[in-house]
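Here is the structure we will look at.
We count ligands from 1, going down the list as the structure has it; atoms in each ligand are counted the same way.
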Amino acid sequence: MSQDNYYFFNEIFWMSLGLIGLLLLGYATGNPWFLFSLGLLAYIFWHLRQLTRLIFWLSKNELDMPPDAGGFWGDVFRHLYRIQRHNRHRQEKLLVVLNRYKESTEAMPDATLILGRNWEIEWFNSKCENYFDLKKKQDIGQPFTNLIRSPSLLAFIEKQSSKNKADAKLDDMGSSQKTLELPSPDNKRILSIRLIPYGNKYLLIARDVTSIQKLKTMRRDFVANVSHELRTPLTVISGYLETLEDHLKDEPVYTNSIHLMQQQSHRMCHIVEDLLLLSTIEGNEQRVLKNDFIDMDALIMMLKKEALVLSHGRHSITAESSGLKWLKGDRNELQSAFSNLVSNAIRYTPEGGLINIKWFIDANKQGCFEVQDDGDGIAEHHVERLTERFYRVDVGRSRDTGGTGLGLAIVKHVITHHQGKLIIDSRLGLGSTFRCEFLQKMMK
Ligand code: ADP
């Protein structure tokens, strides 16, 4: 017999037994239905009594021992007590976990917020009070973007949320924008903001990167100052060397050494110029982009001409431009970045090689500039380090061809600053493709 049937039949059995007993007693005393009704009433009364005891016991909401009751009701009280104890135990365990979680989030060195679907603040840890000047009592429920009024934060948050709406390609392209650096409202700190979507909510983490930023600025300023200080003496040395070369051109003993000295001083001038350019670009990452409209058809033709001059007929050079032709950005920066890629292709492709310069619109309607060569290619383990400053695969070859080791670092910075991505695809012995993909919508 199943458990519920057992309770039912057991109760019916005892109730019937009692009533039959009363009926028999009634027949014996001549008042059977009176006693039967009295028994029935007593039975109903007993049930009502147990029910009120149950309600009273439950309403206390404390883990007291249940009231003593016999039969059917005794089991009800026992089972309820067991469930209550089990729940209380779980509640205590959950509370411990919750407290531990609260303690760990409070101890976190970063400010952490949970934002709802419409950027309303659901929860934040105490670091947010320092970093964003938030107040627990009044700011919970307020949209975060209303409290921290920053156009770049709004743009970042909107971009991240639109990325979340399943545009995987965009997500990939925007990887450089996964964090946003922002001054805190009191301007005492630089915060690096990350937005992590989960379910219908967002976790916003803000890290204090003031000291890292200071160090970066110090390093940049140091490099810029050293380069700047070196520029003048180097120009003077180059000038004197030129004069010396003119004066001593009939003295073969000196000509060779002066020529070598001149070569080295030109190399140093190049390095200094590139370092200055890099520190200018790096130092101005937050600057507003120039909005030149660059005619890519014309630029591709110009790059081809430049390549032909550099190659001296040693390579076969092709150029193609298709699709929408206007690219928006800083003309000088983009032109020098593209030239750099073309000049690399020429310098690192052996004689007889094929170089193709291309501008096209890809399947995602994004403009792509590409330089492809069938030169020696680059081994896989070098590829991801190529954009580091002074990283060269073959130092000797780079120097021989007038390289400074800074070209690709500059290119990467310029392209990233134009909301683009530099993609390097290279196979040893098969050649390389350097592609700049731009996120901006292309115009006719
Ligand atoms: P460099 O001034 O030395 O050319 P870059 O930053 O422009 O410095 O390039 C870094 C390194 O990447 C180069 O030293 C070279 O080894 C490699 N590299 C760049 N472009 C190519 C290419 N098209 N083919 C093969 N190797 C290349």
Mark up the atoms of ligand 1 that fall under 4.0 Å of a heavy atom belonging to Ala345, in ascending order. 23 (N)

Taking 4.0 angstrom as the limit, do Asp139 and Lys137 come out as a salt bridge? no

Using only heavy-atom distances, determine whether the side chains of Arg347 and Asn344 contain a donor-acceptor pair under 3.5 Å. yes

Any side-chain heavy atom of Asp376 sitting closer than 4.5 Å to one from Arg397? yes

Atoms of ligand 1 close to Ile378 [distance to a heavy atom under 4.0 angstrom, numbered from 1]: 25 (C), 26 (N), 27 (C)

No-hydrogen, no-angle side-chain donor-acceptor test under 3.5 Å, Ser321 and Asp297: yes

Starting from atom 12 (O) of ligand 1, what is the nearest protein heavy atom, named by residue and atom, and what distance separates them? Leu386 CD2, 3.3 Å

Please confirm whether His382 approaches ligand 1 to less than 4.0 Å, judged on its heavy atoms. no

Give a yes-or-no answer on whether the side chains of Asn356 and Thr318 include a donor-acceptor pair shorter than 3.5 Å. yes

Any side-chain donor-acceptor pair under 3.5 Å between Thr112 and Asp110? no

Can you pull out the closest protein heavy atom to atom 3 (O) of ligand 1? Residue, atom name and distance to 0.1 Å, please. Ser398 OG, 2.5 Å

Tell me whether Ala409 has any N or O atom under 3.5 angstrom from an N or O of ligand 1. no

Using the six-membered ring wherever Trp is involved, compare the ring planes of Tyr391 and His382 and label them parallel, tilted or perpendicular (cut-offs 30° and 60°). tilted

Do any heavy atoms of Asp376 fall under 4.0 Å from ligand 1? no

From CA spacing to verdict: side chain to side chain contact (heavy atoms under 4.5 Å, CB included), Ile346, Arg314: CA-CA 9 Å; Ile346 289 171; Arg314 286 176 296 130; 4.1 Å; yes

Would one find an N or O of Gly405, backbone or side chain, under 3.5 Å from an N or O of ligand 1? yes

So if I count the atoms of ligand 1 from 1 in the order they appear, which ones are less than 4.0 Å from some heavy atom of Arg392? 3 (O), 14 (O)

Protein heavy-atom partner closest to atom 21 (C) of ligand 1 - residue, atom, separation in Å: Tyr348 CD1, 3.5 Å

For ligand 1, the portion of Asp373 having any non-hydrogen atom under 4.0 Å away: side chain

Nearest non-hydrogen atom to atom 2 (O) of ligand 1 belongs to which of Thr404, Leu408, Ile424? Thr404

Here the atoms of ligand 1 under 4.0 Å from any heavy atom belonging to Arg347 are 1 (P), 2 (O), 4 (O)

Supply the atom-to-atom distance Phe390 CZ to Ser398 OG, rounded to the nearest 0.5 angstrom. 10.0 Å

Only heavy atoms count here, so choose which of Asn344, Leu428, Val371 is nearest to atom 19 (C) of ligand 1. Asn344

Does Tyr391 reach ligand 1 with a nitrogen or oxygen that is under 3.5 Å from one of the ligand's nitrogen or oxygen atoms? no

With a 4.5 Å heavy-atom cut-off, do Asn125 and Leu113 have their side chains touching? no

Indicate yes or no: does an N/O atom of Gly407 lie under 3.5 Å from an N/O atom of ligand 1? yes

Give yes if a backbone or side-chain nitrogen or oxygen of Val393 is under 3.5 Å from a nitrogen or oxygen of ligand 1, and no if not. yes

Taking the ring of Phe132 and the ring of Phe144, is the distance between their centroids below 6.0 Å? yes

